[in-house]
J.: 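Have a look at this one before I ask anything.
All heavy atoms count here, side chains included; hydrogens, waters and symmetry mates do not.
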Amino acid sequence: MKRMIFPGCIILVLASMVFVSYAEMQKVALSEGNLADLKGKWTGSRTTEGRIGINTDLEISNDSLPVKGKLIFYNVRKKGAGTQSDRTEIHDFKAKINDQGNLFFQGRNNELELSLYKDDGKMKLDGNFYWFGSKGTMSFKKQ
C-alpha cells in the first residue's frame, strides 16, 4: 500500500505544477502611469477568418498619449488579375486608452483594441482588430 501512495503523491505534485505554470495572466488596466511598459517591440500573431497564427509584429515608440506605434502584418493576401500573393504591410497608428483600460485605435477602415496582461515579469497584449476588411484577434509578447 505504501508503495502506491508515494508514487501517487509525486504524480499529484507534478500535475499541480503543470496547472500552476499555465495559470492565466492578470489583466492590467492601462493608464498614463504604466505606458512605459508598452514601449518597445512585441512579436505575435493574428488570426482571421480561415487563417490562424499569421506572424504580426507591433512596435510602440513612445510612453505618452497618444501612444504611437506601427503594426507589421506579414503574409497579407492580395488578390489581383487572376493571381494571389502574400506581402508585408506596415501601418502607423496613434492610440489612446479607452474606458476599459485597453489600448484603443480607431481609423477610417480600421480598429484595434488590445488588453495588457502581466505575470511574473512577462507581458502580453491580446485583443481584437478590424483592418481594411480583415477582422480577427491578435496576441503579442514583449521582446
J.: Indicate the atoms forming the closest heavy-atom contact of Ala36 with Lys142, along with that distance.
T.: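 Nearest heavy atoms, Ala36 then Lys142: O-NZ, 4.4 Å.
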
J.: Decide yes or no for Leu71 and Leu112: does some side-chain heavy atom of the first lie under 4.5 Å from some side-chain heavy atom of the second?
T.: yes

J.: What's the spacing between Leu58 CG and Trp42 CH2 if we round to 0.5 Å?
T.: 7.5 Å

J.: Between Asn98 and Gln100, does any side-chain donor sit less than 3.5 Å from a side-chain acceptor?
T.: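 On atom types as modelled, these side chains qualify, holding a pair under 3.5 Å.
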
J.: Does CG in Asn109 sit with more than 12 non-hydrogen atoms of other residues, nucleotides or ligands closer than 6.0 Å?
T.: yes

J.: Pairing donors with acceptors under 3.5 angstrom, does anything connect the side chains of Thr43 and Asp57?
T.: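 Note: Thr43 and Asp57 side chains miss the donor-acceptor criterion.
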
J.: Quick check for you: to the nearest 0.5 Å, what is the distance between Leu38 atom CG and Ile60 atom CD1?
T.: 4.5 Å

J.: Strictly by modelled atom types, are Glu113 and Asn128 linked by a side-chain donor-acceptor pair under 3.5 Å?
T.: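 Looking only at side-chain atoms, Asn128 and Glu113 do not form any donor-acceptor pair under 3.5 Å.
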
J.: Applying the 4.5 Å side-chain criterion to the ILVMFWY set and letting contacts propagate, would Leu30 and Val28 be lumped into a single cluster?
T.: yes

J.: Taking only Lys NZ, Arg NE, NH1 and NH2, and the carboxylate oxygens of Asp or Glu, determine whether Lys122 and Asp120 approach each other closer than 4.0 Å.
T.: no

J.: Do Leu103 and Met123 share a hydrophobic cluster, counting only Ile, Leu, Val, Met, Phe, Trp and Tyr and linking them when any side-chain heavy atoms are less than 4.5 Å apart?
T.: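 Hydrophobic grouping puts Leu103 with Met123.
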
J.: Looking at Gln143, I'd like to know if its CD atom is crowded, meaning that more than 12 non-hydrogen atoms belonging to other residues, nucleotides or ligands lie closer than 6.0 Å.
T.: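 Atom CD in Gln143 is crowded, with more than 12 foreign heavy atoms closer than 6.0 Å.
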
J.: So, taking the atom named CZ in Phe140 and the one named NZ in Lys41, what distance separates them when rounded to the nearest 0.5 Å?
T.: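 Result: 14.0 Å between the selected atoms.
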
J.: Using a 6.0 Å cut-off, check whether atom CG of Leu65 has over 12 heavy atoms from anything other than its own residue.
T.: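 Correct, the count exceeds 12.
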
J.: What closest approach, in Å, do Met138 and Leu114 show between heavy atoms, and which atom pair accounts for it?
T.: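 Scanning both residues completely, I find the closest heavy atoms to be CB-CD2, 4.3 Å.
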
J.: Do the side-chain N and O atoms of Asp126 and Ser139 include a donor-acceptor pair separated by under 3.5 angstrom?
T.: yes

J.: Side chains of Thr47 and Ile54: does their closest heavy-atom pair fall under 4.5 Å?
T.: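 No; the side chains remain at least 4.5 Å from each other.
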
J.: Please determine whether a side-chain nitrogen of the Lys or Arg among Lys39 and Asp63 lies less than 4.0 Å from a carboxylate oxygen of the Asp or Glu.
T.: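 No, Lys39 and Asp63 are not salt-bridged.
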
J.: Any carboxylate oxygen within less than 4.0 angstrom of a Lys/Arg side-chain nitrogen, looking at Arg87 and Glu89?
T.: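 The answer is yes: the pair qualifies as a salt bridge.
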
J.: Could you check whether any side-chain heavy atom of Ser134 comes within less than 4.5 Å of a side-chain heavy atom of Phe129, counting everything from C-beta outward?
T.: yes

J.: Backbone N or O of Ser64 within a donor-acceptor pair of the Asn62 side chain at under 3.5 Å?
T.: yes

J.: Answer whether the closest heavy-atom distance between the side chains of Lys27 and Ser115 falls below 4.5 Å.
T.: yes

J.: Spell out, as yes or no, whether a donor-acceptor pair under 3.5 Å connects the side chain of Asn34 to the backbone of Ala29.
T.: yes

J.: Are Val76 and Trp131 co-members of a hydrophobic cluster defined by side-chain heavy atoms under 4.5 Å apart?
T.: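 Yes, one cluster joins them.
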
J.: Please report the shortest heavy-atom distance between Phe93 and Lys70, naming the atom on each side.
T.: CE2-N, 3.5 Å

J.: Can you tell me how far NE2 of His91 sits from CZ of Phe105, rounded to the nearest 0.5 angstrom?
T.: 10.0 Å

J.: With rounding to the nearest 0.5 angstrom, report the CG to OH distance, Asp86 to Tyr74.
T.: 13.5 Å

J.: Determine whether Ile97 and Val67 fall in the same hydrophobic cluster, where Ile, Leu, Val, Met, Phe, Trp and Tyr are linked whenever their side-chain heavy atoms lie under 4.5 Å apart.
T.: yes

J.: Any chance you could measure Thr56, atom OG1, to Arg46, atom CZ, to the nearest 0.5 Å?
T.: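 It comes to 4.0 Å.
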
J.: Surrounding CD of Glu49 (heavy atoms of other residues, nucleotides or ligands, distance under 6.0 Å), is the total greater than 12?
T.: yes

J.: With hydrophobic residues grouped by side-chain heavy-atom distances under 4.5 Å, do Met25 and Leu125 end up in a single group?
T.: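 The answer is no; the residues belong to distinct hydrophobic clusters.
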
J.: Should Lys118 and Asp37 count as an ion pair when the cut-off is N to O under 4.0 Å?
T.: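 The answer is yes: the pair qualifies as a salt bridge.
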
